[in-house]
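Reading through the structure tokens given below for one structure.
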Protein chains: 2
Amino acid sequence: MQIDQISRVRNFGRSVAVEVGALEESFLNRGRPLGAARVLNAIGLGYQNVSDLRALLKLDTGQLSRLLRSLEAEGLIETTPNEDDRRSRQTRLTKAGEEEFTIYEKLSNERAAAILERHKNAERLLDAMDIVTIALSRENIVFEEVDYASEIATKCLTAFAAELSARLGVEFDLKKSGDPELSQMKHPNGTFVVARLGDMPIGCVGVKGRGDTLAEIKRMWIAPAARGLGLAHRLMTTAEEAARALGIETLRLDTNSTLVEAVGLYRKMGWSRIERFNDDPYPDLFFEKCLRSDAEDFARGE
Amino acid sequence: MQIDQISRVRNFGRSVAVEVGALEESFLNRGRPLGAARVLNAIGLGYQNVSDLRALLKLDTGQLSRLLRSLEAEGLIETTPNEDDRRSRQTRLTKAGEEEFTIYEKLSNERAAAILERHKNAERLLDAMDIVTIALSRENIVFEEVDYASEIATKCLTAFAAELSARLGVEFDLKKSGDPELSQMKHPNGTFVVARLGDMPIGCVGVKGRGDTLAEIKRMWIAPAARGLGLAHRLMTTAEEAARALGIETLRLDTNSTLVEAVGLYRKMGWSRIERFNDDPYPDLFFEKCLRSDAEDFARGE
DNA sequence: TGCATTACCTGACTTTAGTCAGATAAATTG
DNA sequence: CAATTTATCTGACTAAAGTCAGGTAATGCA
């Protein structure tokens with residue numbers, strides 16, 4: 001590791017530490033210790049089980065308990081035993097708590113907006129931030145099946161279409177490119193897998209089936225900021241496993257030779273090139289993979 | 001400001017806050033409160049005046065004094081009155097202090113290295129970090145005259161040459177391109193100005209003179225990560241002021257039309273295009289600016 | 001059913017962090 | 001040279017953070 005690279009990371013750390021500190025300071029101005037503010041914030045963000053809060057904020061049981069008591073005394077939260085297990089407890093913001101939470105959110109948003117306002121071409125800064133965000137917390141990326149019409153799926157698909165349009169130099173229309181009846185990417189016919197970091201879309205892939213043992217991989221996309229981390233491999237693996245669970249034995253896909261990263265991945269994961277199997281205008285390369293063979297053993301590598 | 005952009009900044013903030021916290025936690029494991037560790041670190045980095053320490057760490061005088069006392073009691077630092085002004089005091093690491101400082105440095109470096117090791121193509125991540133670093137702390141960028149042969153100048157010139165080579169598609173040789181006798185970019189003939197963030201090179205520009213009222217601008221460069229922030233304008237302004245202070249009345253420069261950003265800047269800052277005034281192989285555009293005219297008033301805009 | 005475990009709470013504590021009003025000694029100013 | 005300012009220190013605080021040993025009620029298990 002070059003000394004120079006390390007100093008770049010450390011310079012980075014210093015500069016963001018200042019920002020983090022400034023945000024915390026702004027939180028302090030509401031007359032409440034930082035610990036309590038953090039707890040209130042976490043509850044507002046949906047961490048309502050006391051044990052979840054403890055895990056998230058890494059607090060001692062005694063300390064968290066006292067912070068909850070102080071927020072209760074302020075009338076900002078209410079605590080009730082959990083229905084399922086009456087030993088554990090849930091917290092909920094009161095109306096006053098909601099308001100206070102909103103103020104903290106506003107402070108956070110204002111700080112973020114202030115950073116952006118200082119920059120004419122914020123898009124460049126935001127892209128850089130995305131790269132760092134994803135790199136630093138990539139172990140928190142989750143791969144999961146979601147509804148093809150869900151919000152996160154739509155975000156992915158929109159970005160996918162925009163990028164494909166730019167790459168192919170034409171307006172790419174999801175509808176035109178054999179856009180599936182929604183049901184074909186839903187259980188039991190098929191599925192749709194996204195990778196996300198919190199609510200940030202990282203990538204997606206669809207398995208489009210018709211209820212038999214043959215299905216098609218569609219809409220494979222990784223966010224530009226997330227490339228080079230080997231996520232496409234994990235995404236595809238998730239999709240293949242989901243397909244197998246649906247009883248699918250053969251997967252096919254079409255792609256375009258301009259998507260060089262994708263084509264390279266398919267080959268590496270044990271897909272074999274086959275003859276054109278549709279007459280869509282965009283694709284010019286076609287692959288197949290048998291889920292029952294040992295073929296995917298080869299792909300474990302990456 | 002789009003909600004989506006703000007949430008990108010906030011996601012970024014969350015992910016780096018985790019890293020910052022982890023680093024601080026690693027510091028805590030040396031059995032010393034974070035405040036004392038920070039002070040020790042700052043002293044090791046060269047902040048040896050008590051007043052500098054106080055300004056840097058934003059500590060109350062009483063608190064800093066106590067932290068210094070505790071480090072002294074540990075035998076890690078020594079404090080002596082300042083020679084010039086015996087009211088103020090200077091601290092210095094003892095041998096034991098040096099060792100302890102080194103351990104903290106090692107911890108910091110290890111954390112940074114750990115981040116990099118997780119990434120195959122770290123250069124992309126580092127570039128992103130640089131963009132963020134510079135954007136977040138751009139008010140700390142200093143513009144100053146340095147020796148043309150200093151370390152920071154050399155860093156800038158190396159990067160400049162590498163980039164020009166890539167842009168022009170040929171090996172760019174600083175020596176060939178009318179490289180000045182060193183004395184021509186030194187007082188009293190000329191000067192060399194760099195922009196830096198700490199020890200990170202951000203940009204440079206040289207004023208190459210021969211002792212009369214005519215001089216030439218050379219080696220104008222802004223680090224890729226620092227572009228789009230209007231720094232070139234400030235760099236050029238600094239250079240022009242330095243030139244004026246040297247008694248120079250007319251500045252000339254040559255450039256290449258592939259450097260579109262630079263050419264745009266010169267025009268905006270009131271430079272006028274003139275005839276070729278040398279036969280160097282690289283440049284194909286030539287500009288001049290009179291420092292005595294009101295021309296530069298125009299340039300205040302940006 | 002009784003004993004262990006779990007999830008949380010309380011009380012009693014220590015350690016850090018942070019504040020503020022003098023005190024002291026050196027430098028500056030009129 | 002006396003008065004003021006400056007840079008730092010000390011003592012006496014308060015507040016916040018963090019630790020730990022019980023205690024209580026709900027749950028799980030033999």
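Labels below follow one simple rule: chain letters A, B, ... track the order of the sequence lines, proteins then strands, and each chain is numbered from 1. No hydrogens, no waters, no symmetry mates; every other heavy atom, side chains included, goes into these values.
At whole-Å resolution of the value, CG in A:Leu68 and P in C:dA7 are 16 Å apart. Distance, B:Arg87 CZ to C:dA26 C1': 6 Å, rounded to whole Å. Rounded to whole Å, atom C1' of C:dC8 lies 13 Å from atom CD1 of A:Ile77. Summarising the geometry, the separation between CG on A:Leu28 and C1' on C:dA17 is reported as 11 Å, rounded to the nearest angstrom. To the nearest angstrom, P of D:dT8 lies 13 Å from CG of B:Asp84. Separating the CG atom of B:Asp60 from the C1' atom of D:dC9 is a distance of 11 Å, rounded to the nearest angstrom. Distance B:Glu24 CD to C:dA17 P: 10 Å, rounded to the nearest Å. One atom, CG of A:Asn29, and another, P of C:dG18, lie 14 Å apart when rounded to the nearest Å.
Closest to the side chain of B:Asp85, out of C:dC9, C:dA26, C:dA17, is C:dA26. Residue A:Arg69 has its side chain nearest to C:dT10 when only D:dT6, C:dT10, C:dA17 are considered. Nearest nucleotide to the side chain of A:Thr61, out of D:dT27, C:dC9, C:dC20: C:dC9.
Closest approach of A:Leu125 to A:His119, counting heavy atoms only: CD2-CD2, 3.7 Å. Nearest heavy-atom pair, A:Thr133 versus B:Asn11, reported as atom, atom and distance to 0.1 Å: CG2-O, 3.8 Å.
Using a 4.0 Å heavy-atom criterion, one finds that A:Leu64 contacts no nucleic acid atom at all.
Dashed line: the shortest gap from a side-chain N or O of B:Arg89 to OP1 or OP2 of D:dC9 is under 4.0 Å. For B:Arg86, no side-chain nitrogen or oxygen approaches OP1 or OP2 of C:dA27 to under 4.0 Å. An OP1 or OP2 oxygen of D:dA17 is reached within less than 4.0 angstrom by no side-chain nitrogen or oxygen of A:Gln63.
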Intermediate values then yes/no, side-chain contact (heavy atoms from CB on, under 4.5 Å), B:Thr154 and B:Glu151: CA-CA 5 Å; B:Thr154 305; B:Glu151 194 191 332; 5.7 Å; no

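Taking only distance into account, the side chain of B:Arg66 meets the base of D:dG11 through a donor-acceptor pair shorter than 3.5 Å.
Between A:Glu19 and A:Arg118 there is a salt bridge, with a side-chain nitrogen of the basic residue lying less than 4.0 Å from a carboxylate oxygen of the acidic one.
Positionally, the nearest nucleotide of DNA chain D for B:Ser88 lies more toward the 5' end than for the other of A:Gly62 and B:Ser88.
Using a 4.0 Å cutoff on non-hydrogen atoms, no part of residues 48-59 of chain B comes near DNA chain C.
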When the side chains of residues 40-52 of chain B are checked against the rest of the protein, which donor-acceptor pairs come out under 3.5 Å, sequence neighbours left out?
{"residue": "B:Asn49", "atom": "ND2", "partner": "B:Asp52", "partner atom": "OD2", "Å": "3.4"}

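Without hydrogens or angle criteria, A:Thr191 side chain to A:Glu145 main chain gives no donor-acceptor distance under 3.5 Å.
A donor-acceptor contact closer than 3.5 angstrom links the side chains of A:Asn109 and B:Arg10.
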